Structures are given as C-alpha cells and as structure tokens.
K.L.:
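Please find one structure pasted underneath; my questions will follow.
Just so we're clear, the structure is a prediction, and the values are computed from it rather than from any experiment. Residue numbers start at 1 and run along the sequence shown. Numbering of ligands and ligand atoms starts at 1, following listing order.
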Amino acid sequence: MNILLIGSGGREHALAWKLAQSPMLGKFYATPGNPGIAQHADLVTLDISDHGEVILFCGEHDIDLVVVGPEAPLVDGLAESLRTADIFVFGPDKAAAQLEGSKGFTKDLCARANIPTAGYVRATSAADALKALDDFAIPVVIKADGLAAGKGVIIAETRDEAEAAITDMFDGSFGEAGAEVVIEEFLTGEEASFFAITDGENVVPFGSAQDHKRVGEGDVGPNTGGMGAYSPAPVLTPALQQQVMEQIIQPTVDTLAAEGTPYSGVLFAGLMLTDSGPQLIEYNARFGDPECQVLMMRLESDLAKLMMATAKGDLAQTSAPVFAPETALTVVMAAKGYPSTPEKGGKIQNLARAEREGAKIFHAGTAEVEGALVASGGRVLSVTAVGANATEAQDKAYAAVDQIDFESGFCRRDIGWREVTREAGN
Ligand code: AMP
Ligand code: GLY
C-alpha cells in the first residue's frame with residue numbers, strides 16, 4: 001500500500017512512525033513533512049491548496065491512500081476532491097468537516113440529534129449577539145464560529161468582557177472566523193478528549209486522552225495548541241465512554257449519514273464531564289496534537305490497515321483497534337516566546353541520547369540547516385514515554401527532556417499533574 005501523508009507537525013510524525021510499522025506499507029511519501037517524518041517517508045513539495053496537483057501526484061506515484069493530518073485542508077475540501085477522483089483518503093469531506101469548521105454547525109447538529117451540549121445562540125451581527133447575551137448567566141463563553149487556530153474562544157467573567165469579546169469578533173479580530181459568533185452557557189467539570197474512527201456508518205472507539213492547553217504550569221497563561229498530553233484518561237471510565245459513544249458519537253455519525261453528508265475519518269470529541277454527565281464542548285475533524293502522539297504510542301493494531309478500512313467503508317469487517325493498557329505521556333518542548341513570538345533557529349542536540357532514556361521524540365517545528373537540527377516553529381519537539389501509570393510515564397518523559405540540549409526551548413514541568421496527583425492518592 002503506497003501512502004501520502006499530509007502535514008508537518010508532531011501529530012504527523014507520530015502517524016508516520018506508526019504507519020511505517022505496518023507490514024502493508026509500500027512507498028511512503030509526506031508533504032511538506034519535517035526532519036522526523038523524513039526518517040520514515042520521502043518528503044515531497046506539493047501545493048495542497050491545489051487539489052488538482054495532489055490528485056496528479058497520487059496518479060503518478062500509485063498512491064493507494066492519502067492521510068490528511070491537519071484540519072485546514074479538510075475544511076478546504078481536499079479529502080472530498082481526492083474521493084471524487086477515486087482516491088482513498090483518511091479524513092472527512094468538506095461538508096462533514098464542518099463539525100470542526102463551524103461551531104454553529106456543530107451546535108445545530110447537537111440540537112437536531114439531542115446530543116448533550118451547552119445551551120447556545122448563534123449570531124451574525126454584534127447587535128443580535130449583544131441582545132442574546134441577556135439570556136445567559138455570567139461567566140459566559142463567546143466563540144468565533146470558524147477556524148481560529150484554537151484562539152477563537154473567550155470565557156467572559158463579566159458582562160463587560162463578554163460585550164468586548166463580541167465587539168472585537170465583529171470588528172474582525174479573528175478575521176473571517178468571527179463573522180458569526182456562538183454564545184454558550186458556561187459548563188463546569190473536568191475536560192477530557194475522546195476519539196473514535198468511523199467510515200460513515202460504523203464507529204469504533206479510538207482511545208481517550210487529556211491535554212494541557214495553557215502555556216504555564218498549573219494551567220495558567222495563554223492558550224496554546226497543547227503543551228502536553230497523556231492517554232488513557234482514567235476519568236473517562238468505561239461506563240462514561242459507553243455513554244459518550246451512545247449519546248454523542250453515534251448520533252453524530254448517524255445524523256450526518258442520514259443527511260447525506262457521511263463522516264469518514266477520526267472524530268475527536270472535546271468533552272466536559274459535568275455533574276449531569278459528559279457534554280460535548282467541541283468536535284475536531286482530525287487527531288489532536290499532541291494527543292495523537294500518546295495514542296500512537298499505545299496503539300497495538302496496524303494503523304495503515306485501520307485507516308484503509310475507514311477510507312473504504314470496511315470498518316465492520318476489520319478487527320477493532322487495540323491499545324496497550326499502559327499510560328503514554330508527552331511533554332511538548334516549545335521555542336521560548338511561544339505562543340506569541342517563538343524564537344526561531346535555536347540549536348537542538350542530544351536527541352539520540354534522550355531516546356536512550358526510553359522515550360520517543362516526535363518532531364514538530366524542527367528544520368535541518370547545514371546538517372544541524374534547529375527550531376523552526378512554536379512547538380518544536382514532543383517527548384513521549386510509556387509507563388505502567390502516569391507517574392512512571394512522566395518520570396521517563398522528563399528524564400529524556402533533561403538529556404536534550406535546546407537552550408532556546410522550554411517546557412512545562414507538570415504535564416500529567418491531575419493524574420499523577422490522583423495516583424499519589426491526594
Ligand atoms: P474549544 O475551542 O471549543 O474547545 O474551546 C476551548 C476551551 O474553552 C475548551 O477546551 C474549554 O476549556 C473552554 N470552553 C469552551 N466551551 C466551553 C463551555 N461551554 N463551558 C466552559 N468552558 C468552555
Ligand atoms: N491539542 C488540541 C488539539 O489538537 O486541538
């Protein structure tokens with residue numbers, strides 16, 4: 001099976017690493033890739049916004065399966081264009097990717113399918129939004145409707161803050177993403193992520209995780225793409241996972257199928273575990289980054305086989321994914337200044353020595369310049385380890401971090417704290 005992987009982050013390095021272990025894999029290409037992905041795949045340059053160019057490449061290189069890592073090309077309809085050209089692809093069509101591309105779309109779908117989620121109102125003008133605010137208690141959540149790279153959500157602690165957020169969004173501070181806003185009731189509880197893969201009809205669970213979105217220790221400071229994660233998330237007990245499958249995932253898949261826009265790929269549900277049960281906060285149409293890194297470390301099944309079965313609509317005839325019972329934990333090393341202005345070009349050394357500590361290092365924003373590895377993005381490395389529990393996985397991950405020489409980098413030292421605290425019985 002010849003595969004083309006699209007993307008360049010730690011998530012895609014983890015996918016590449018796992019796909020490379022498949023006995024089914026033939027030729028393996030990635031675009032644009034990164035130096036970590038280059039250990040497994042031939043890197044090629046393609047303009048992925050030019051769907052015709054990607055289709056042409058697939059024809060010329062006998063590509064059997066395209067794996068789309070990030071959300072932007074999905075929301076842009078790349079998977080759909082490939083499917084229309086009879087190329088198997090892991091990732092949803094444009095219409096189904098609206099689950100991530102439009103928060104309002106997802107809320108309306110939840111309303112139609114009776115899926116537990118926070119109460120909401122959609123608004124397309126500042127005046128309507130300000131009027132709608134009257135019906136919400138404070139704190140209240142204000143969201144830009146479209147893709148805003150994880151930055152389009154404001155939790156307003158006062159009415160003034162809520163009004164300012166609305167005014168800002170309609171003034172264009174989030175570009176097109178803020179042309180419509182969703183106002184949501186504020187939910188309280190612990191957050192957890194749940195994954196499922198679906199071929200449009202059949203759905204199978206694909207593990208749980210918890211991440212750390214804030215840049216600072218103790219979960220403070222600005223939001224990031226994610227500073228670390230671990231899997232599984234024991235707060236999502238088997239009973240709760242079953243409830244999530246029955247009340248959230250399955251009705252989503254069924255509704256999209258019934259409406260003629262079936263969802264194919266991975267569904268990543270951000271959940272709030274409230275006193276009255278799990279509620280959907282948001283959907284993503286792709287794997288999380290860095291959640292993917294910890295899921296791949298635990299996945300024992302053949303990823304290429306699962307992705308192809310998903311793409312072909314064969315999940316019912318394929319063995320369900322199996323995950324190791326151990327805990328995987330990943331610590332993101334970012335360039336100083338992240339998330340606002342990460343320093344570029346910082347030297348990175350001693351990765352091999354760090355991996356000898358028993359960790360796996362996934363590359364995110366790295367580049368090779370004159371034979372040396374340097375930082376080229378905000379999140380740079382994802383240092384990942386497996387242990388009998390979160391405490392052991394955390395020890396191993398930080399032992400590896402401590403071997404890495406990356407002067408212009410930093411990481412949080414408390415990744416996994418919720419679980420580690422629980423394991424200590426505190
Ligand atoms: P989202 O991009 O929709 O996942 O939102 C980013 C973060 O905002 C989530 O991970 C939550 O921490 C928080 N959040 C979003 N919606 C709500 C809500 N309705 N109630 C409380 N917190 C929320
Ligand atoms: N780590 C969160 C995300 O990928 O959206």
Side-chain angles (χ1 to χ4, degrees), residues 7 9-12 14-15 69-72 74-75 99-107 110 115-121 136-157 162 165 169 174 177-178 181-195 208-215 219-231 233 266-276 278-296 330-332 334 338-339 362 364 378-379 382 384 412 415 418:
R11 166 181 52 211
E12 287 78 21
L15 292 174
E71 62 277 18
L74 294 169
V75 173
L99 280 187
E100 176 157 7
S102 163
K103 295 185 190 299
F105 172 89
T106 298
K107 298 299 282 188
C110 287
I115 291 169
T117 191
Y120 73 106
V121 167
F136 287 85
I138 299 292
V140 62
V141 186
I142 314 289
K143 299 183 175 182
D145 181 73
L147 285 188
K151 296 189 185 74
V153 176
I154 310 282
I155 314 249
E157 305 283 351
M169 282 186 193
F174 295 99
V181 306
V182 176
I183 304 175
E184 264 182 45
E185 170 200 2
F186 178 75
L187 299 173
T188 49
E190 186 164 339
E191 280 183 58
S193 302
F194 182 77
F195 299 83
S208 63
Q210 279 182 303
D211 74 341
H212 295 269
K213 287 204 173 83
R214 304 300 193 99
V215 75
D219 296 323
V220 298
N223 256 322
T224 70
M227 295 300 292
Y230 51 94
S231 171
V266 60
L267 259 180
F268 163 8
L271 304 168
M272 188 71 87
L273 307 179
T274 71
D275 289 343
S276 60
Q279 302 223 23
L280 181 73
I281 299 176
E282 64 156 5
Y283 269 131
N284 295 302
R286 33 89 195 167
F287 283 108
D289 186 345
E291 290 88 339
C292 186
Q293 289 85 310
V294 286
L295 289 174
M296 291 306 126
T330 191
V331 175
V332 168
Y338 178 72
F362 295 113
R379 293 187 294 172
S382 184
T384 315
R412 279 180 57 167
I415 299 303
R418 273 199 184 79

K.L.:
Among the heavy atoms of R11, does any lie under 4.0 Å from an atom of ligand 2?
P.N.:
no
K.L.:
Of the backbone atoms (N, CA, C, O) and the side-chain heavy atoms from C-beta on, which set of K103 has a member under 4.0 Å from an atom of ligand 1: side chain, backbone, both, or neither?
P.N.:
side chain
K.L.:
Could you point out which residue of Y283, F194, F195 forms a ring pair (Phe, Tyr, Trp, His ring centres under 6.0 Å) with F268?
P.N.:
F195
K.L.:
Nearest 0.5 Å please: distance from the CZ atom of F362 over to the CE atom of M296.
P.N.:
9.0 Å
K.L.:
Could you pull out, from E100, K143, M272, the option with a heavy atom nearest to atom 3 (O) of ligand 1?
P.N.:
K143
K.L.:
Can you name the nearest heavy-atom pair linking F105 to D145, along with the distance?
P.N.:
N-OD1, 4.4 Å
K.L.:
Show the atoms of ligand 1 that are less than 4.0 angstrom away from any heavy atom in E185.
P.N.:
18 (C), 19 (N), 20 (N)
K.L.:
Is a salt bridge present between K107 and E184, judged by a nitrogen-to-oxygen distance below 4.0 Å?
P.N.:
yes
K.L.:
Return the option from I155, I142, V182 holding the heavy atom at the smallest distance from atom 14 (N) of ligand 1.
P.N.:
I155
K.L.:
Applying a heavy-atom cut-off of 4.0 Å, say which part of R286 lies close to ligand 2: side chain, backbone, both or neither.
P.N.:
side chain
K.L.:
Are any of the N/O atoms in K213 less than 3.5 Å from those in ligand 2?
P.N.:
no
K.L.:
Mark up the atoms of ligand 2 that fall under 4.0 Å of a heavy atom belonging to G288, in ascending order.
P.N.:
4 (O)
K.L.:
Taking all non-hydrogen atoms of both residues into account, name the closest pair between V332 and G226 and its distance.
P.N.:
CG2-O, 3.6 Å
K.L.:
List every atom of ligand 2 that sits less than 4.0 Å from any heavy atom of D211, numbering the atoms from 1 in the order shown and giving each element.
P.N.:
1 (N), 2 (C)
K.L.:
Please round to the nearest 0.5 Å and tell me the distance separating atom OG of S102 and atom NZ of K143.
P.N.:
11.5 Å
K.L.:
On a heavy-atom basis, which atom in A156 and which in I138 lie closest, and how many Å separate them?
P.N.:
O-CG2, 4.2 Å
K.L.:
Answer yes or no: does an N/O atom from A118 fall short of 3.5 Å to an N/O atom of ligand 1?
P.N.:
no
K.L.:
Between S193, G9, G225, G228, flag the one that comes closest to atom 2 (C) of ligand 2 by a heavy atom.
P.N.:
G225
K.L.:
For A229, is there any backbone N or O sitting under 3.5 Å from a side-chain donor or acceptor partner on T330?
P.N.:
no
K.L.:
Can you list the atoms of ligand 1 that are under 4.0 Å from a heavy atom of F186?
P.N.:
20 (N), 21 (C)
K.L.:
Heavy-atom contacts under 4.0 Å between L187 and ligand 1: side chain, backbone, both, or neither?
P.N.:
both
K.L.:
With atoms numbered from 1 as shown, which atoms in ligand 1 lie under 4.0 angstrom from a non-hydrogen atom of E184?
P.N.:
16 (N), 18 (C), 19 (N)
K.L.:
Write down the atom of P339, the atom of V215, and the distance for their closest heavy-atom approach.
P.N.:
CD-CG2, 3.9 Å
K.L.:
Taking the side chain from R379 and the backbone from T224, do they hold a donor-acceptor pair closer than 3.5 Å?
P.N.:
no
K.L.:
On a heavy-atom basis, I'd like to know which of Q279, E282, E191, K213 is closest to atom 12 (O) of ligand 1.
P.N.:
E191
K.L.:
Just jot down the ligand 1 atoms closer than 4.0 angstrom to any heavy atom of V141, in number order.
P.N.:
16 (N), 17 (C), 18 (C), 19 (N), 20 (N)
